[in-house]
Amino acid sequence: MPQPSSMSLASIATLLHLAFTAGLAADTVSARRPLRGNDTVVSPQGKFELGFFSPGGSGRFYLGIWYKNVPEQTVIWVANRVNPLSTVAASSTELRVSSSSGNLELVGLTPSGSSGSATPAVVWSSNLSSSSSSSSSNVAVMRDNGNLVLLDGGDSNSTVLWQSFDHPTDTLVPEAWLGEDKVTGEYQTLTSWRNAEDPSPGMFTNTVDPYNGSSSEFFYLWNGSHAYWRSGVWTGRVFANVPEAVNNVLFNETYADTPAYRRVTSVLYDNATVTRLVMDLTGQTKQFIWVPATQSWQFFWAAPTVQCDVYALCGDFGVCNQRTQPPCQCPPGFAPAADRDWGLSDWTAGCRRTLPLQCGGNGSTDGFLELPDMKLPDDDDTALSMAAAQSKTDCELACLNNCSCQAYTFSAGGGGGCAVWHHGFRNLQQLFPGDAGGGGSSSSASSSLYLRLSESELRHLRGAKGRSKNRRWLAIGIVLACVAALGVSAVAAWILVSRRRRRAEMAKQQKGSSSLVVYSYGDLRSATSNFSERLGGGSFGSVYRGVLNGDGHTQVEVAVKKMEGLRQGDKQFRAEVNTLGLIQHVNLVRLLGFCCSGDDDDDGDKLLVYEYMPNGSLESYLAGSSCPSWRHRYGVMVGTARGLAYLHDGCRERIIHCDIKPENILLDGDFTPKIADFGMAKLVGRDFSRALTTMRGTVGYLAPEWISGMPISAKADVYSFGMVLFELISGRRNTATGEGRRRRRHGASSDADDDDEDREATTTFFPVWAAVRVAEGDTAAVADARLRGDVSEDELERACRVACWCIQDEEAHRPTMAQVVQALEGVVDVDMPPVPRALQHLATTTLT
């Protein structure tokens with residue numbers, strides 16, 4: 001048998017060695033195996049990948065780590081975020097372990113000298129001291145938890161010399177940590193990207209308390225200095241201000257309080273779950289979960305909840321508007337200071353004047369533009385109180401006579417006065433009727449800000465307004481000419497306008513009244529014709545239609561609720577009525593007055609007088625002979641959500657309604673929904689998030705925590721609202737075993753498939769059936785068959801997904817009503833929700 005030559009043996013040995021080395025080194029970088037060009041290093045189980053990337057095709061290259069199996073490249077760590085590489089430099093750059101120092105280094109070519117020739121230079125390094133990294137046998141390993149580690153050898157007993165988890169950028173993944181190393185004094189913080197294409201450090205940072213070395217609290221900082229949000233201290237289970245951050249299925253927050261560290265980390269119960277916490281470039285920390293079924297990231301929670309609570313989000317002179325997308329706008333006379341950055345969701349550069357102010361030795365010709373309904377900037381260092389200015393005119397002159405003054409505000413009420421802003425301002429926020437400080441954590445009332453503009457800018461704005469007014473007057477003139485030619489029509493129009501004016505004045509007077517009317521029992525008995533026309537029943541009583549005399553000899557229709565079976569003292573009754581009487585919102589039924597004929601501890605007659613709702617309750621509307629259109633239904637969804645958001649976040653005291661159901665949602669003449677029946681409402685102080693109370697509400701709408709006897713929060717209303725959403729979408733009651741579906745009673749299609757589907761839905765708790773259909777992507781099956789497909793597919797899918805999120809078993813998994821409003825309005829995307837565990841179990845045992 002012929003023997004192989006020595007050359008052949010050497011070649012085979014070399015090939016085997018290279019193959020063996022390649023097999024072992026797939027997840028490593030060493031002095032002998034650097035990382036170059038398009039090469040990547042993948043963790044052993046293929047979860048994470050290390051390599052070079054260019055965000056958004058910007059032409060700048062970075063060394064980073066991203067998820068290997070997520071189609072949409074999602075970067076969790078960036079090495080050289082402050083030193084990007086150009087396209088030419090990236091092609092010749094390599095990541096290697098230095099043979100001299102043992103450091104992990106990113107080495108690239110940089111221009112050198114006047115000749116412009118390129119020389120190798122260290123772009124980024126692990127920066128270990130020579131005493132701890134002198135070995136040239138060090139190896140960098142990509143681990144399956146996303147941690148890049150530098151080891152002093154290649155076996156399992158090797159010491160970790162450096163790791164990326166000690167130097168996070170903007171993302172925290174499970175098993176990583178944030179906090180402080182008390183030995184080295186180093187902080188592990190999250191810092192936002194500059195914009196969507198630039199991972200360099202942005203303006204917002206999430207860090208453990210930098211002021212108290214023993215605190216467990218985390219601060220969100222703007223520009224590394226101004227704290228605009230705090231997590232609250234660690235309670236042993238949650239951070240006080242972020243109860244929704246706990247998800248018993250996905251992760252559990254733990255705090256390591258040892259002499260060496262104070263930090264927080266997260267541990268997964270299911271390793272198949274992919275989740276990340278990001279310090280977003282908009283200043284909010286956001287939790288995301290990867291949903292394989294939809295191949296997309298599901299938004300889970302954010303802090304702070306309200307976008308406009310982020311400090312200086314819109315920069316100097318920017319206006320934050322919670323109801324627009326994007327949330328930042330420039331006021332009249334201003335334009336974005338960095339147009340391209342604004343297009344990349346970076347608004348921190350703020351706005352600049354389109355025309356300069358005129359101020360000099362001859363005085364100023366500038367003027368002021370009123371910006372109404374504003375939450376004023378809260379920068380104490382830029383607002384200067386002018387106690388000497390006793391009138392609005394004096395305040396305006398005080399600002400006009402100072403060349404650095406940019407704006408002023410004046411309030412004649414107590415504690416108000418004149419305030420002026422020099423050199424600019426931040427945190428100006430647009431408010432709307434019903435908002436309380438923007439609907440977020442702020443409680444500031446709305447005011448008018450008078451913005452200083454140049455005379456030419458004001459003239460331009462007045463000219464634009466004048467041209468619009470001229471066009472309007474021209475149209476009016478044509479209409480008046482036509483009306484003048486038709487005398488009879490003119491008389492009819494005059495009568496119509498007069499009636500509308502009287503109605504408007506009466507409505508204005510009613511709206512402007514902040515006090516409730518105290519009626520006598522005889523007045524209400526007469527108004528209701530001795531309580532003869534019963535409209536329906538609610539909590540603790542019946543409701544009757546009545547007519548009261550209004551101003552100007554007009555009559556006003558009212559709904560009078562007669563309290564029955566309620567033993568409540570007169571003083572307590574008046575206190576509750578006065579509290580509810582101060583609540584005013586377009587989506588809440590307005591309390592006009594009351595009658596309390598009994599003594600303090602007497603079970604006397606107690607009546608509440610509300611505005612009359614001509615279209616009755618949502619329950620009767622859905623059960624009527626005519627099929628409500630999808631447009632009306634969706635309007636009811638959004639309006640009801642806004643009313644609940646106001647109760648939870650817009651009032652001085654948080655109000656939990658406790659009995660949200662179709663019977664307690666009334667419809668006015670324009671089908672605007674108004675939440676009614678506060679007989680079970682619970683007032684919760686702002687210093688508390690929960691209330692321990694006896695079980696109340698209606699079976700079928702009760703959240704699981706009611707039944708378990710746990711303290712309830714505003715999330716109990718969220719659960720009930722989710723149940724109401726299902727009824728609006730489907731046109732039927734959720735528990736329909738006895739009565740059948742509304743759609744069946746009113747002549748829906750009855751082919752064989754629909755019959756099978758109806759039998760399946762009516763033999764079980766409807767939300768179980770609906771949640772499974774939504775999870776399968778079949779939202780069309782959930783819609784009311786009477787609509788015959790005449791729905792907005794986007795709105796239907798959004799409403800179905802929101803409903804499923806609202807009825808999650810754990811209240812921490814449910815959104816807030818503010819988030820529900822944003823989702824229904826299309827401000828934020830709503831990804832596929834999971835089927836609630838309890839309902840999923842019930843569905844498995846019932847539908848199989």
Side-chain angles (χ1 to χ4, degrees), residues 294 614-641 661-663 665-673 700 721-807 820 823-826 830 832-833 835 843 847:
T294 61
N615 282 314
S617 70
L618 175 61
E619 198 284 328
S620 61
Y621 181 53
L622 290 174
S625 58
S626 61
C627 175
S629 69
W630 177 256
R631 182 176 64 85
H632 282 159
R633 296 183 198 220
Y634 204 76
V636 172
M637 296 178 197
V638 176
T640 305
K661 58 184 179 180
E663 290 85 345
I665 299 171
L666 306 183
L667 305 173
D668 68 6
D670 296 324
F671 294 95
T672 299
F721 177 77
M723 290 298 185
V724 172
L725 278 187
F726 277 125
E727 299 197 8
L728 273 163
I729 295 167
S730 66
R732 52 148 288 157
R733 300 311 295 259
N734 289 328
T735 52
T737 53
E739 65 177 354
R741 295 201 285 177
R742 289 194 186 105
R743 65 178 73 172
R744 176 70 54 209
R745 295 201 306 266
H746 298 298
S749 172
S750 59
D751 58 39
D753 291 340
D754 285 345
D755 286 341
D756 292 341
E757 188 177 274
D758 285 345
R759 281 193 294 271
E760 183 182 21
T762 55
T763 55
T764 186
F765 187 44
F766 178 73
V768 175
W769 181 86
V772 173
R773 293 296 175 271
V774 173
E776 293 173 348
D778 187 13
T779 55
V782 186
D784 193 338
R786 293 178 295 164
L787 293 169
R788 301 186 182 278
D790 187 15
V791 300
S792 166
E793 294 183 2
D794 289 341
E795 292 178 347
L796 173 61
E797 183 174 12
R798 196 180 304 138
C800 286
R801 292 186 178 188
V802 168
C804 289
W805 278 114
C806 288
I807 63 169
V820 168
L824 291 177
E825 290 179 340
V830 185
M832 187 68 70
V835 177
L847 299 179

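Here, residue 1 is the first one in the sequence, and each next residue gets the next number.
- In plain terms, the two heavy atoms of Val774 and Met832 that are nearest each other are O-SD, 3.1 Å.
- Considering OH of Tyr634 and CG of Leu725, their distance stands at 9.0 Å, rounded to 0.5 Å.
- The environment of Glu825 atom CD is dense: over 12 non-hydrogen atoms of other residues, nucleotides or ligands sit within 6.0 angstrom.
- Of all the heavy atoms in Ala781 and Trp769, the pair that sits closest is O-CH2, 3.4 Å.
- Using cut-offs of 30° and 60° for the angle between ring planes, the Phe671 and Tyr621 rings count as tilted.
- Nearest heavy atom pair, residue Cys627 against residue Arg786, reads SG-CB, 3.6 Å.
- At a threshold of 4.0 Å, the pair Glu795-Arg798 does not count as salt-bridged, since none of the basic side-chain nitrogens sits closer than that to a carboxylate oxygen.
- In this view, Asp668 and Met613, Asp670, Thr672, Lys674 satisfy the side chain to side chain contact (heavy atoms under 4.5 Å, CB included) rule, not counting sequence neighbours.
- In this structure the side chain of Leu618 never reaches within 4.5 angstrom of the side chain of Pro673, judged on heavy atoms.
- The structure places CD of Glu797 at 11.0 Å from CG of Asp778, a figure rounded to the nearest 0.5 Å.
- When every heavy atom of Cys804 is checked against every heavy atom of Pro833, the shortest pair comes out as CB-CG, 3.4 Å.
- Among all heavy-atom pairs drawn from Ala799 and Leu824, the shortest one is CA-CD2, 4.2 Å.
- Shown here for Pro662 and Ser617, the closest heavy-atom pair between the two residues is O-CB, 3.9 Å.
- With rounding to the nearest 0.5 angstrom, the CG atom of Leu666 is 8.5 Å from the OG atom of Ser620.
- Side chain of Arg801 to main chain of Val830: a donor-acceptor pair is present (N/O by atom type, distance under 3.5 Å, no hydrogens or angles).
- Between the CZ atom of Arg633 and the CG atom of Leu787 there is a distance of 4.5 Å, given to the nearest 0.5 Å.
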